[in-house]
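Protein chains get the first letters and strands the later ones, always in sequence-line order, with residue 1 at the start of each.
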Amino acid sequence: MIKLVRGFKDILPTETALWQYVEATVRELLEDFGFAELRIPILEKTELFARSIGAGTDIVEKEMYTFTDRKGDSLTLRPEATASVVRAYIEHKFYAKDPVCKLYTIGPMFRRERPQKGRYRQFYQINAEVFGLHDPRADAELILLLMKFMNRLDLSGIVLHINSLGCHKCRPHFKDDLKTFLANRSEQLCSDCLRRRDENPLRIFDCKVPTCKETMTDAPSILDRLCSKCRSHFNTVQDVLKMSHIPYETNHRLVRGLDYYTRTTFEVLAGALGAQDAVAGGGRYDGLVKALGGPDQPGVGFAIGVDRLIELLAGQVQGLEKRSHLFIAALGVRAQDRAFQWVQDFRMQRFRTEMDLEDRSLKSQMRRADKLEASYVLIVGDRELDEGAAVLRNMTTKEQERVPLRGLVGFVVSRIKPTTTGRNNEDRR
RNA sequence: GUGGGUGUAGCUCAGUAGGUAGAGCACCAGGUUGUGGCCCUGGAAGUCGCGGGUUCAAGUCCCGUCACUCACCCCA
């Protein structure tokens, strides 16, 4: 038997309704906030990711699916979406028409990591990016949108962490301070952190080893070293969040693994997820567009981990309403032929209808109708054909009534339609 | 890449001191000769992850391997 590739998964019919619900909800919200959908390819030139995410990052260094195509180009299955969105923004010169541009995209990303709960080699992200706005309110609005989304999904037990990483002016100073601080504390750091000290000292804040955590409690905080512009930017972001009643925690240890982030960064964490607890994350990336060959336009964005979101929702008892539908139980060839036509007619009336295509006993057809959770069953056999009227059974009340064969479809639809519960009863709060 | 746990029917699992497999649920049929959910009866369904070894005999012991899973790492 040929099996799934490691770290990849099928999203089964029992799960897709939830996925569709999540996607429909976020699309609606994003569009209300003025975002337009952009669909980007899954494959890009390797260089795009090396230059945006950062050549020294784990993602680029050891997690990308990279291969050489037949012409010798190095191509990579996208490990994240921002790089591609920026590439498209530049390539299609969106900035020329209007420097302010809000885009979203939904799709799979690929990273070759060891699979784990909440971590797959193909995983899905919802990405939103805003270009052309320096104003800190753009950062705040994006966070607002993100939290609004979590809210619509009725997600509980999540926390929002925010931080500022400073800009290209103040961050280097902070890095120096941090290196000085760490210089004579080698014995107090784990081997991983010793390595990080040289490569990316900010990451040490993320370490979970107790002694490292202990050591880092006395470490300098980036928030104390921000330059005046970064400081006021961060303050404004917080002011807007407060004004909007969005609860948050500032977390000066929140460091993100992609090199392009500047100033505001944020993460939404859910304890119920286990070790991989980040459901969403994002931040500002003011130098990225320029670094990739575009104009000097700022950017802010976030990514939501859909797989993790789904996991949270599945753990929170989700009752998605089902449409009521009809099952036709036919006995004998004559009735089956008539029923087959009716089934098609009902469907053309946009009414979900099914029948058994094999010649089975009424009992087994009823059982099947029950299993499919049909709300009504229409019973037709030779007897009904001769009498000119079929039997319509309401499966919840068990009431049965005779319905004339002449004009049957229209009659049944009018009889049944009013009780149809649409799937659009999602107007929560 | 590193470590722990687990791999027996579609699903959840049992399998005792090694003697070539069992339960519950699900499935199919019958009990009701034209009526679902409950109940009863019967049926179908397993290369015991894969490969090798020890043994008269291995699901059970040994080695290897693969997969799943959780954690490290990293991140959504």
Taking only N/O atoms, report every protein-nucleotides 44-47 of chain B pair under 3.5 Å with atom names and distance.
none

For the [atom1] atoms, the ones on [N] and on [M], what distance do you get once it is rounded to whole angstrom?
N     : M     : atom1 : result
B:A14 : B:G49 : P     : 13 Å
B:C25 : B:C40 : P     : 9 Å
B:U69 : B:C63 : C1'   : 23 Å
B:G34 : B:A29 : P     : 15 Å
B:G59 : B:A21 : P     : 8 Å
B:C61 : B:U8  : P     : 15 Å

**Prompt:** Under 3.5 Å, is there a donor-acceptor pair linking the side chains of A:Y65 and A:E63?
**Reply:** no
**Item:** Heavy-atom pair with the smallest gap, counting every atom of A:F266 and A:L160
**Value:** CB-CD1, 4.2 Å
**Asked** Could you state the interatomic distance from CD1 (A:I106) to CD (A:E37), rounded to the nearest 0.5 Å?
**Response** 6.0 Å
**Spacing of A:L155 atom CG and A:M147 atom CE [to the nearest 0.5 Å]** = 9.0 Å
Nearest to the side chain of [X], which nucleotide is it out of [options]?
X      : options             : answer
A:K117 : B:C72, B:A76, B:C70 : B:C70
A:R114 : B:U2, B:C72, B:U35  : B:U2
A:E63  : B:C74, B:G34, B:U35 : B:C74

**Asked** Which word best sums up how the rings of A:Y285 and A:Y260 line up, parallel for under 30°, tilted for 30 to 60°, or perpendicular for over 60°?
**Response** perpendicular
**Asked** Is there a donor N/O on one and an acceptor N/O on the other, under 3.5 Å, for the side chain of A:E384 and the base of B:G34?
**Response** yes
**Message:** Given the structure, check if the side chain of A:R119 and the base of B:C70 hold any donor-acceptor pair shorter than 3.5 Å.
**Reply:** no
**Where RNA chain B forms stems, i.e. three or more consecutive Watson-Crick or G-U pairs with both distances under 3.5 Å** = B:1-7 with B:66-72, B:10-13 with B:22-25, B:27-31 with B:39-43, B:49-53 with B:61-65
**Message:** Does B:A71 have its OP1 or OP2 closer than 4.0 Å to a side-chain nitrogen or oxygen of A:Q116?
**Reply:** yes
**Request:** If a protein heavy atom is under 4.0 Å from the base, mark B; if only from the sugar-phosphate, S; if neither, -; do that for nucleotides 36-43 of chain B going 5' to 3'.
**Result:** BB------
